[in-house]
Amino acid sequence: MKMTDYILMYIAIGFCFGAIIFFNINLQGKAEILNTEYANKLAAACHDAAATIQKTEIDNYGSAWSRQEKRKETLDVFYDTLAYSFNAEYSTKFDEIVLYTPVVCLIDIDGFYISYNVVFDETGYVDIPANAMDRNAVLPINTWSAPCPGSSGYIIRYRLNDNVDVITDENRVYSGERNEVFARIKADKERILAGYHADDLNELKNLLTNDEVFVKERNNLIIRQINSQIEYYINQHNTIGDGYEQKYTFTMPEVSGEDWARLLENPTVISFLQGRSAKLKNRLLNVYSLAGGELAKEYHYFITNENGYKEYHCLEAPCGGRVTRHEGTRTVQYYEDNQLKQKTIPTVTYRYNGHEISRMYSSMEECAREGAVPHSCVYDWR
Amino acid sequence: MQDILGRVMLVVAGCYCLFILPVMIIASKQDNLKQSYIDSAVTEFVDNARASGKITPEAYERLCNRVDAAHLVCSIQMIHSSKYVSPNAELDASGHNTYETYRTDYNKEEILSYMYPSSPYEENRSWKMKNGDFLKVIVQNETPTLGSRLSLFFTTRGDTKTLYTSYGGYVGNTQQDYRPWQNH
C-alpha cells in the first residue's frame, strides 16, 4: 500500500472515533448549559415569589404568610414565573413543570409552610388531578416547638426572631421576647409557688437568657425540622415515577451552610427542581434555589445640623447604630373649662451623637432636597 | 523530486489532520464547556449577593474554588457601585435644593481587604450593600487555553483571552416606600 492509502485509512478511522467523541462533548456542553438555564429559571421564580413578601404584612400580622391569600399569591407568582420561563403557560407542558417541582417551602417568621405536588386519595394511593392547580397542596403551618432541654414541663415554640412562646407545666402560656418571658415566668413562680427555689428554672434561664445557647438551639431545631419535612415530601414524590416508564429518584440536594444562615434570618422561599430533562451519565437535574426577604425593608435617613453644615445619615448603616433612644417627659398646656392647665406626658426622642433627631426621611432624595450632603456611612457600609 | 516534495507535504498534512486538528477541535469544545461552567459560577455568585445584600467570605471562596476547578489561571474583578444623592446649589421652584445621583465604586482589593482583615484577632466579615447599589463581576483567563494555543497554527495574532464572563445587576429592591416617621 502506498503512504497515501495509509493516511486515508487513518483519517477514516480517526473520523469515526472523533465523531463519537465530538458528539459526547456536545452532549456534555448542552447538559451543562441546560442545568444552568434551569437553575436560573428556578432562581428567577424564587426571587419573584420572595418579592411578594411585604413588610406591612409582617408589621400588621407578625408574619409574611399568615393569611391564605398571601400564600396563594406567592405560590401563584412562583408557578407563573416558572411557566413563563419555560414558555409553557398556555400548554400542557405546564403540568410537567409542576411535576418537576416536588416541594416549595415558605419559611416564615413563626413557622414554615410546605407546598407539595403529590396528592393522595382516601386509600393512600397517589391521585394526580387533571388540573395542575389542584395538585398544589399547602400544608398548615409547621411550628418549631421542642421541650426545653434538661428541664421538664416546659415547651418552647421558637420563631426566626427573639420572640418565643413558653408553655409551662401548668399549661400557662407566656409569649414575647425571650428575656421578658423568662422574667415573667420567674416572677409568677415566686408569687404563686410556695417553696419555690431559684434553681428550678436554671435550664430555662440558660436557654432563654444565654444568647449563644438560645441561637444554637433554635437554629438546630429549625434546620432539622425543615430538612426532615422537605426530605419526606421529596421522597414521597418518587411515587409519581411509578406511573411512568422511566423511573428516577428524587434526592434532597445539599443546601450550603451559608444558604441556611440566610433563611434563618428572614422569611424565605426555597424550592427544588428535579427531573430527567438534562440527563447525563445517570446524573439527573437536581437543583434548588432560595430567595428571601432580606432586602424587603425601608431605609430611614436623618439629618444632623452642626454649625449650619447639614449631613444626612442612614439608620440601617453601621453608623446608624449609634442612634440612641431616650425616654423623658414633656409638659404640655391645654384648655379645660376655659382654664389653662398643664400636664406631663412621656416622650421618646432619638439622638445621634447628642443631637436630637427631629424627623426621619425615607429616601436620600428627600434629604438632598433639604440641602443635606451625605455622610460617608450612606455609601460606605464598612 | 516533485514526487518526494508531494509526499512530504502529504505526510505533513496527514499528521496535522490525524493529530493536531482533532485535538484542536476537542480543545475548543472544552473551552466552550469551561465558559459555560464559569458563567454559571459567576451568575450564582452575583445573584446570591444581589438577593442577600452582602458578599460573604464563604460565597467568594466558593466562586474561587469553582473557577479553580476549570484548571485555568483566571482573574476575578469585582466592582461594587454604591449609590448616594448629593444636593446642588440651585433651588427648584418650591425652594428646595435640586440634587444629583452619584456612585462610589469599590474594587476587588478594597472589598477583599475589608472581608479578610490583616489583623489575626479580627474575624472575616461580609461586605454589605444596600438597595439600589450595583454589583458586577468579571472573570477572564490570564493563561492561554490549549485550544487557543493550537489555533495559533492558523492565526498570526493569537488571542489568549478566550474565556470572558461579565455579569452584574442591581442589589435588592430598587424601590423604596414612603413612610414618614417623627418623634412623639
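Chain A is the first sequence line, chain B the second, and so forth, proteins listed ahead of strands; every chain is numbered from 1.
Proximity to chain A at a heavy-atom threshold of 4.5 Å picks out B/Thr104, B/Tyr106, B/Glu110, B/Tyr114 from residues 104-114 of chain B, in numerical order.
When side chains are defined from C-beta on, B/Pro87 counts as touching A/Val373, because their heavy atoms get closer than 4.5 Å. No side-chain heavy atom of B/Lys130 sits under 4.5 Å from any side-chain heavy atom of A/Cys314.
If you measure heavy-atom distances from B/Ser126 to chain A, you find no contacts under 4.5 Å at all. Contact annotation for B/Asn88: neither backbone nor side-chain heavy atoms come within less than 4.5 Å of a heavy atom of chain A.
Here the OH-CD distance, from B/Tyr99 to A/Glu366, works out to 9.0 Å after rounding to the nearest 0.5 Å.
For A/Glu212, the CD atom is loosely surrounded, since the number of other residues' heavy atoms within 6.0 Å does not exceed 12. More than 12 heavy atoms of other residues, nucleotides or ligands shown are found within 6.0 angstrom of NZ on A/Lys70.
The nearest pair of heavy atoms linking B/Ser86 to A/Ala368 is C-CB, 4.3 Å. Nearest heavy-atom pair across B/Lys83 and A/Met364 is O-CE, 3.7 Å.
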Exercise for the section: Could you give me the CA-CA distance, side-chain angles and deciding distance for B/Asp92 and A/Arg369, then say whether side-chain contact (heavy atoms from CB on, under 4.5 Å) is met? Expected result: CA-CA 9 Å; B/Asp92 60 13; A/Arg369 279 164 57 81; 3.3 Å; yes
